[in-house]
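See structure below.
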Protein chains: 2
Amino acid sequence: MITNNKNRGSIERITCQKEIILDYLKSVKTHPSAELIFREVRKKLPRISQGTVYRILNNLKNKDKVKAISVGGITHFDGDVSSHAHFICQECHNIYDIFDICQECQIIKEQKLKVGKIKNYQIYFYGYCKKCRAKMPRLPKKDSNRK
Amino acid sequence: MITNNKNRGSIERITCQKEIILDYLKSVKTHPSAELIFREVRKKLPRISQGTVYRILNNLKNKDKVKAISVGGITHFDGDVSSHAHFICQECHNIYDIFDICQECQIIKEQKLKVGKIKNYQIYFYGYCKKCRAKMPRLPKKDSNRK
DNA sequence: TTTATTATTAGTAATCATTATTATTTAAAT
DNA sequence: ATTTAAATAATAATGATTACTAATAATAAA
């Protein structure tokens, strides 16, 4: 029989796993990894599996409900989807939010390039944050061989 | 006995593996992954190992001889270390160079932020390139569940 | 409310890029 | 030529992420 559902194909279901993961990401100012999100969410849902966390995070990302930030091969997630950049400390690996940058760049405002239209963008700044700089007696060696 | 070598600590040796990898990266306009670099370099050095390629690429990156570009969990390398951004096509996954952006942004020019000094940065634009757009009858669905 | 349907999940195994290890090789200093 | 330690090749290990499958549970239909 014919359904009245306007959605073609699969219907999205509301589950508490989705809600708790999104609520957690909206509640924190940090940028947790999937692994950390899994550990935190498991406090509320002890039976949740890692695969579920990864799948839900990917779905949220694809729906632009969260942003993904790649740091040293690990994906971190940001519940704040407003336009902003990130500063990543090469010592403590903390991720800092940088607002007030995107309205300056004409390219970002126009969202157009010769090669194609910009759907999305990511800006990463790297350096040593002031906290870490204060702790350093000298600057670290350039080729530390570490990622 | 005391050495006259100005370098503190380890001495860097010149090897053909390093030279061939860097020459390859300088010669191409594309942005190959470590895996592809390994396959290409092996044509000249059939006995080179993957570990060597990864280590040399990391060293080159740490010495700012090459740039690393992270796309979908895979690290790609760019022999052009001049200031430029990248446009990544979400369909064909090609990486396009975008020049003429960095001189616009005051923050990038000043290299200073409240949180710390900018040593380095990466700008990624995402979208569908014109080539792929021409092939598409309609826009793809948002949540394709693919990375 | 009960039943049927199927999206979603939990648990686990598999994948795959990258890193670590170690014996061997080799560039360069003596 | 000999020495020495940096670099390599080969291989194993790691670890984040994905794939798979049987069980569960959110909706729709009866």
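Naming: A, B, ... by sequence-line order, numbering from 1 per chain.
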With the 4.5 Å side-chain cut-off for hydrophobic clustering, are [X] and [Y] part of the same group?
X	Y	result
Leu36(B)	Ile74(B)	no
Tyr128(A)	Ile88(A)	no
Leu60(A)	Ile48(A)	yes

Whole angstrom is fine here: how far is it from [atom1] in [X] over to [atom2] in [N]?
X	N	atom1	atom2	value
Ile37(B)	dA17(C)	CD1	C1'	13 Å
Glu12(A)	dT27(D)	CD	P	10 Å
Phe77(B)	dA17(C)	CZ	P	13 Å
Glu35(B)	dC16(C)	CD	P	11 Å
Leu57(A)	dT9(C)	CG	C1'	15 Å
His76(B)	dA17(C)	NE2	P	10 Å
Asn59(B)	dT18(C)	CG	P	15 Å
Leu36(A)	dG15(D)	CG	P	17 Å

Specify the angle, to 10°, made by the local axes at the two ends of the helix from dT1(C)-dA30(D) to dT30(C)-dA1(D) when five pairs are taken at each end.
-> 30°
Which residues pass the salt bridge (Lys or Arg N to Asp or Glu O under 4.0 Å) test with Lys18(B), sequence neighbours left out?
-> Glu12(B)
Atom pair OG1/CZ of Thr52(B) and Arg47(B) - distance to nearest 0.5 Å | 11.0 Å
ring-ring contact (aromatic ring centres under 6.0 Å, His included) between His86(A) and His76(A), worked out | CA-CA 12 Å; His86(A) 292 103; His76(A) 294 246; 10.0 Å; no
Below 4.0 Å: OP1/OP2 of [N] and any side-chain N or O of [X]:
X	N	value
Tyr54(B)	dT19(C)	no
Asn58(B)	dT19(C)	yes
Thr15(A)	dA7(C)	no
Thr75(A)	dA16(D)	no

Kindly write out the residues that satisfy side chain to side chain contact (heavy atoms under 4.5 Å, CB included) with Tyr54(A), not counting sequence neighbours, or none if the list is empty.
-> Ala34(A), Gln50(A)
Looking at Tyr121(B) and Lys67(B), what are the two nearest heavy atoms and their distance?
-> O-NZ, 4.0 Å
Can you label the angle between the Tyr124(B) ring and the Tyr124(A) ring as parallel, tilted or perpendicular, going by 30° and 60°?
-> perpendicular
Paired with Glu40(B), the side-chain hydrogen bond (donor to acceptor under 3.5 Å, both in side chains) test is passed by just one of Arg42(B), Lys44(B), Lys43(B), namely Lys43(B)
Enumerate the residue pairs fulfilling salt bridge (Lys or Arg N to Asp or Glu O under 4.0 Å) with a member in residues 25-37 of chain B, sequence neighbours excluded, ordered by first and then second residue.
-> Glu35(B)-Arg39(B)
Decide yes or no for Glu91(B) and Lys135(B): does some side-chain heavy atom of the first lie under 4.5 Å from some side-chain heavy atom of the second?
-> no
Polar atoms only, N or O, under 3.5 Å: list the protein pairs with nucleotides 1-5 of chain D and their distances.
{"residue": "dA5(D)", "atom": "N3", "partner": "Arg13(B)", "partner atom": "NH1", "Å": "3.4"}
{"residue": "dA5(D)", "atom": "N3", "partner": "Arg13(B)", "partner atom": "NH2", "Å": "3.3"}

Which protein N or O atoms sit under 3.5 Å from an N or O of nucleotides 9-11 of chain D?
{"residue": "dA9(D)", "atom": "OP1", "partner": "Gln17(B)", "partner atom": "NE2", "Å": "3.4"}
{"residue": "dA9(D)", "atom": "OP1", "partner": "Arg47(B)", "partner atom": "O", "Å": "3.4"}
{"residue": "dA9(D)", "atom": "OP2", "partner": "Ser49(B)", "partner atom": "N", "Å": "3.3"}
{"residue": "dA9(D)", "atom": "OP2", "partner": "Thr52(B)", "partner atom": "OG1", "Å": "2.9"}
{"residue": "dA9(D)", "atom": "O5'", "partner": "Arg47(B)", "partner atom": "O", "Å": "3.4"}
{"residue": "dA9(D)", "atom": "N7", "partner": "Ser49(B)", "partner atom": "OG", "Å": "3.4"}
{"residue": "dA10(D)", "atom": "OP1", "partner": "Arg47(B)", "partner atom": "NH1", "Å": "3.3"}
{"residue": "dA10(D)", "atom": "OP1", "partner": "Arg47(B)", "partner atom": "NH2", "Å": "3.2"}
{"residue": "dA10(D)", "atom": "OP2", "partner": "Arg47(B)", "partner atom": "O", "Å": "3.3"}

